[in-house]
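Input: a single structure, listed below in structure tokens.
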Amino acid sequence: MTLQTVVQDSAFELEHVLAVIERADAIASSMSLDPLLNRMLDLLIEIAGGEAGTLYLVEADEIVFQVVHGDPASQHLIGVRLPIDVGLVGATIAATQPLWIEDINNDPRWDRRLGEANSLQLRSLLSLPLLLEEQVVGVIQIFNPQRSEPRLLKLLGNRMAAEVEKARLLKKSQQRESRLSALVEIVGHIGSTLDRTTLLNLIIDYARILLDAEASSLFLTEPESGDLILQHSTGYMHERVQAVRLAKGRGIAGYVAATGETICVGDVKRDQRHDGSVDEMTGFATRSILAVPLQTRCITFGRERAQSEEHLIGCIEVLNKRAGRFDADDTLLLQTLARQAATVLEIADLYADVNELFLDVIQALTAAIDAKDPYTEGHSMRVSEFAVAIAEELELDPSFIHHLRIGAILHDVGKIGISDGVLKKPGRLTDAEFGEMKSHPEIGERILGHIRMLQTELPVIIQHHERLDGSGYPYGLARGQISLGGRIVAVADAFDAMTSDRPYRRGLPIEEAFRRLRAGADTEFDAVCVEALWQAINRGRVRSQRLRDDSGEHRIINDVAPFRTPLTPSA
């Protein structure tokens, strides 16, 4: 070989290397991880003259299949995770040097059961580590390479390792930002309701979705026993999981709820705290768990208690991360969600207590009315029941029904201001006495009108004796001037008055009561509300009241009369 030939060959080789480096630089300009990995593997397969190739990334103590080229049958391997010491990939990571395998089929480290390029006639393999500051961040394997350019391939591998790491960190940062944005939105959703059941469902569903887990569960501590009671779970395939009770301190959930520690277990088989009874019950196979405590401060009226009075109320678990293992980001997200969830649950419990107190006060007012007028004892509660049945039959909004229930209970509160002589008179009232009785809606308005929490209920209290034709009292309102709640309670009130026994008469049978209600439909009563009550009684929506039929026996009728008008409340 002449000197000129050597120089020409060197120039050609230099030109080739520069062209390859130029292509590598173009690939490196991609900031998106998946395109970067795909194009990089293609370039190295081309340079080595290989038939196929695979690319793995190292994550903690695992290797992850990222790209498979040249063998469509191996595409199912993408995303598969394996221990870091498996096979020739593990050997490459341990050696931190390229491995050249001339006869792959006779190498004991090669395991065809993984399915890598099994559809090809495999002969040789080049396994190349991607090194960044002497640390292996990935491995490229090239099958049946025709050219051996180890220096160039190693140079390119190390050149691309930094780009791979930058793209991976960028992707992780974008994922973190996306998940934090999702967490902010989730916290907003959780804070939008104080219904305890809805809250529990939202918290546990969002925990599973946010952390990409197969299943999740939320336990709350029973104050008396200290046991953990499963409140809600998702992802399991068995309904009986909802009945789980864990003795105090039992299982990973019990440990977390008792100590306040956050526990992340990568392999539950290696953790003696894991309680496998739920898996046995449900058939679910738990592999990994991230469990965080539900911890909150006690909230009292007027002030917040001291830091020392924080207390544990339970635990949230997420099970089996779908891709990879639970990491520090997952832990932070779940801890943040748990803190918000615990606070909102505490507020929801406080709201429930206040609401219960509110209802108790309302029932005390109703009892005071009954004490003044023993002939109508239980009337307000029955009217409330009938009114709610009408509203449910009309499929009205639950919030409307809640206020209707309270307004109906309080509809006669103004009778507290009626003299006993009028209220307890056993016979018919004189005109003057009836005039006094007719003032009870206005008295009720004066009693309750300044209570902010009852403003929505006031129309029911004021309007339940108004008539559609304008002949009612106290204000002579007509049709569209009367609220829907007022029209519903007017029907419920009249129906109970007709069917209840009084000292001077027996209650009417329900058929007769409905004949009278229908006779007054569209003049005194809203026809739709009348028919809705009829239908509700026949559907069994009214359970506590025994009603009398035409035979004089108390029963609930079963033959359903057809609606005379569409079930749309009149204007």
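Side-chain atoms are counted along with the backbone in the values below, which use heavy atoms only and exclude waters and symmetry mates. Numbering starts at 1 and runs along the sequence shown.
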Show the nearest heavy-atom pair for residues A532 and I390, with the distance to one decimal. CB-CG2, 3.9 Å
Is the backbone N or O of K248 less than 3.5 Å from a side-chain atom of D227, with the two atoms forming a donor-acceptor pair by type? yes
side-chain contact (heavy atoms from CB on, under 4.5 Å) involving I104 - partner list, sequence neighbours excluded: L88, I101, W110, L122, L125, F143
Check each of D330, D267, D61 against R325 using the salt bridge (Lys or Arg N to Asp or Glu O under 4.0 Å) test, and report the only one that passes. D61
Neighbour count >12 (heavy atoms, 6.0 Å) for atom CD, E134: no
Where the side chain of Q455 meets the backbone of I451, is there a donor-acceptor pair that is under 3.5 Å apart? yes
Could you grab the distance from atom CZ of R208 to atom CD1 of I203, nearest 0.5 Å is fine? 15.0 Å
Flag side-chain contact, heavy atom, 4.5 Å: P129 against P98: yes
Separation between CG of L128 and CD of Q141, rounded to the nearest 0.5 Å: 10.5 Å
Measure the CG-OG1 distance between D275 and T286 for me, rounded to the nearest 0.5 Å. 10.0 Å
Looking at R270, I want to see if its CZ is surrounded by more than 12 non-hydrogen atoms of other residues, nucleotides or ligands under 6.0 Å. no
For V67, the option from T54, N38, L36 that meets side-chain contact (heavy atoms from CB on, under 4.5 Å): N38
Any donor-acceptor N/O pair, N201 side chain to T198 backbone, under 3.5 Å: no
Using atom types as modelled and distance alone, determine if a side-chain donor or acceptor of S216 lies under 3.5 Å from a backbone N or O of I204. yes
T262 and P293: which non-hydrogen atoms are nearest, and at how many Å? OG1-CD, 3.6 Å
Working to the nearest 0.5 angstrom, can you tell me the gap between D205 CG and L218 CG? 11.0 Å
Please name the pair of heavy atoms, one in L337 and one in Y206, separated by the smallest distance, quoted to 0.1 Å. CD2-C, 4.5 Å
L294: which of L220, T343, L312 passes side-chain contact (heavy atoms from CB on, under 4.5 Å): L220
Heavy atoms only: give me the nearest C264-L290 pair and the separation to one decimal. CB-CD1, 3.8 Å
In Å and rounded to the nearest 0.5 Å, what is the CD1 to CE distance from I362 to M381? 10.0 Å
Grab the two heavy atoms, one from I252 and one from A291, that are nearest each other, plus how far apart they are. CG2-CB, 4.0 Å
Minimum heavy-atom separation for V292 and A338, please, with both atom names. CG2-CB, 3.6 Å
Rounded to the nearest 0.5 Å, what separation is found between the CZ atom of F65 and the CG atom of L55? 11.0 Å
